[in-house]
J.: 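Please read through the structure below; I'll follow up with questions.
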Number of protein chains: 2
Amino acid sequence: MGVTKTEIFTEQQNRVADLAKAFAHPARVAILQLLAQKKACVCGDLVDELPLAQATVSQHLKELKRIGIIKGEINPPRVCYCINEVVWEEARQTFGSLFDIYVGASTCC
Amino acid sequence: MGVTKTEIFTEQQNRVADLAKAFAHPARVAILQLLAQKKACVCGDLVDELPLAQATVSQHLKELKRIGIIKGEINPPRVCYCINEVVWEEARQTFGSLFDIYVGASTCC
DNA sequence: ATTGTTTATCGCAATATTACAATGAAAAAT
DNA sequence: ATTTTTCATTGTAATATTGCGATAAACAAT
C-alpha cells in the first residue's frame, strides 16, 4: 500500500532506514557530497550546481533536514546549509556497526 | 514525477543511492540483519521471523537481489538466502569513504 | 512603497513503493 | 497421479516519492 509498517520494527531499524533514505536518491547524494566537501556552509548556490529545478532541490533539502543530517541557517535573503556534524557521526557509527555484524565466511552459497 | 533522473548524475552517485536503498526500509534492514547474523544461509524461515506476509517478504528479497547485496540459492523446495560478501564489502567501502569526505569543523552554523 | 533576490510551499501529474490475497510453478513425498 | 511444501508472480489498492511551474514569504535595497 506504499505505507510502511513502522510500528512493527524496532526503533533502531526505523532509524537506520531513515538515515539510509538520506542517501537513497542520487540528488541527495550529490547535495550531501557538495555540503561535505566544503568547509563552510553553502549559501544557496546548490541549485546552480544541480541539474534540477529550484523547487525540487528545496524539497530534497527539506527531507534531509527532516532526517537531521543537514542544518539550515537563515541569513536573509539566503539560507546557509551545512552538514549536521552530530547526525553525520551518528550515521557513520550506525552504518559502521551495521556492516560489522556480518563477519563473512558463509558456509554455503 | 516519481521518476528519478538517473542520467544526470554520476555512476557513483546512482550506485550509492541504490546501495542505500537496500537499507532504506525497516523490513529490508531486518532481513539483512537476520542474514548477516547467521553464519549459514537462511532457508526460507524469514517469513516466520518477520511480521509481514510471504508475498511482501519475497518482494523485498527480490529488491535486495536486484541490488546484489544478497544471493539466493535454489534448493527445492526451499531457497537459501545469504549475504553477498562482495557487494556487502562494496557497500562498506562505499559508505566508509562517503562519510570520510566530511572532515568536520565547519566554520559556520 | 516598490523592486529585486532568494527560498519555501502549493498544486498538479506521473511514476514508484509497499502490502497482501490469490494464484502459479517446481519439486519432493506420499 | 495427487498432495504438500515452499517460493515467485500477478493483480489490485493505497500511499509515497519525484519533479516542476506558479506562487508566496521574507527581507534588503532602493
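Residue numbers begin at 1 in each chain, while the letters A, B, ... track the order of the sequences.
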J.: Could you pull out all residues at least two apart from B:Thr10 that satisfy side-chain contact (heavy atoms from CB on, under 4.5 Å)?
T.: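 Counting only residues at least two positions away or on another chain, B:Thr10 forms a side-chain contact (heavy atoms from CB on, under 4.5 Å) with B:Gln12, B:Gln13.
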J.: With sequence neighbours excluded, give me every side chain to side chain donor-acceptor pair (under 3.5 Å) pair touching residues 42-59 of chain A.
T.: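 Counting only pairs at least two positions apart or across chains, no side chain to side chain donor-acceptor pair (under 3.5 Å) contact touches residues 42-59 of chain A.
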J.: Examine D:dA16: is either OP1 or OP2 under 4.0 Å from a nitrogen or oxygen in the side chain of A:Lys21? Give yes or no.
T.: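 Answer no for this pair, as no side-chain N or O of A:Lys21 is under 4.0 Å from OP1 or OP2.
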J.: Return the value, rounded to whole Å, for the distance between atom CD1 of B:Ile67 and atom C1' of C:dT17.
T.: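 Distance check: B:Ile67 CD1 to C:dT17 C1' gives 13 Å.
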J.: Please state how far atom CZ in A:Phe9 lies from atom P in C:dA19, giving the value in whole angstrom units.
T.: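 Spelled out: CZ on A:Phe9 to P on C:dA19 is 6 Å.
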J.: NZ of A:Lys65 versus C1' of C:dT9: gap in Å, rounded?
T.: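 So the NZ-C1' distance, A:Lys65 to C:dT9, works out to 12 Å.
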J.: How about B:Lys62: does its NZ atom have over 12 heavy atoms from other parts shown lying under 6.0 Å from it?
T.: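 No, because the 6.0 Å sphere around NZ of B:Lys62 holds 12 heavy atoms or fewer from other groups.
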J.: Below 4.0 angstrom from OP1 or OP2 of C:dT7, is there any side-chain N or O of A:Lys62?
T.: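 So the side-chain polar atoms of A:Lys62 never come under 4.0 Å of the phosphate oxygens OP1 or OP2 of C:dT7.
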J.: Should the ring pair B:His60 and B:His25 be called parallel, tilted or perpendicular, given that the plane angle runs from 0 to 90° and is split at 30 and 60?
T.: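 B:His60 and B:His25: tilted rings.
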J.: Pull out every residue in residues 54-61 of chain A that has a heavy atom closer than 4.0 Å to any atom of DNA chain D, ordered by number, or say none.
T.: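 Within this stretch, A:Ala55, A:Thr56, A:Gln59, A:His60 sit under 4.0 Å of the strand.
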J.: B:Gln93: what forms a side-chain contact (heavy atoms from CB on, under 4.5 Å) with it, not counting sequence neighbours?
T.: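 B:Gln93 satisfies side-chain contact (heavy atoms from CB on, under 4.5 Å) with no residue once adjacent residues are dropped.
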J.: Between atom NE2 in B:His25 and atom C1' in D:dA16, what is the gap in whole Å?
T.: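 Whole-Å distance recorded here is 11 Å.
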J.: CD1 of A:Ile31 versus C1' of C:dT7: gap in Å, rounded?
T.: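 Rounded to the whole Å, the gap is 14 Å.
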J.: Rounding to a whole Å, what distance do you find between B:Leu50:CG and D:dC7:C1'?
T.: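 Between C1' of D:dC7 and CG of B:Leu50: 15 Å.
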J.: Measuring from A:Gln33:CD to A:Leu35:CG, what's the distance to the nearest 0.5 Å?
T.: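 It is 10.5 Å, given to the nearest 0.5 Å.
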J.: For D:dT6, does either OP1 or OP2 sit under 4.0 Å from a side-chain N or O belonging to B:Tyr81?
T.: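 Checking B:Tyr81 against D:dT6: no side-chain N or O falls below 4.0 Å of OP1 or OP2.
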J.: Measure from CD1 on B:Ile74 to C1' on D:dT5 and round the result to the nearest Å.
T.: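 Going from CD1 in B:Ile74 over to C1' in D:dT5 covers 15 Å.
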J.: Identify the pairs formed between an N or O of the protein and an N or O of nucleotides 3-6 of chain C at a distance under 3.5 Å, and give each distance.
T.:
residue, atom, partner, partner atom, Å
C:dT6, OP1, A:Arg78, NH2, 2.9

J.: Please list, chain by chain and in numerical order, all residues satisfying side-chain contact (heavy atoms from CB on, under 4.5 Å) with B:Glu89, sequence neighbours excluded.
T.: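 If we apply the side-chain contact (heavy atoms from CB on, under 4.5 Å) test to B:Glu89, skipping adjacent residues, the hits are B:Arg92.
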J.: Sequence neighbours excluded, which residues qualify as side-chain contact (heavy atoms from CB on, under 4.5 Å) partners of A:Glu63?
T.: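 Counting only residues at least two positions away or on another chain, A:Glu63 forms a side-chain contact (heavy atoms from CB on, under 4.5 Å) with A:Lys21, A:Arg28, A:Arg66, A:Ile67.
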J.: Tell me the interatomic distance from B:Glu73, atom CD, to D:dA8, atom P, rounded to whole angstroms.
T.: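 These atoms are roughly 13 Å apart.
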J.: Determine the minimum heavy-atom distance between A:Val42 and A:Leu34, stating which atoms define it.
T.: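 Looks like CG2-O, 4.5 Å.
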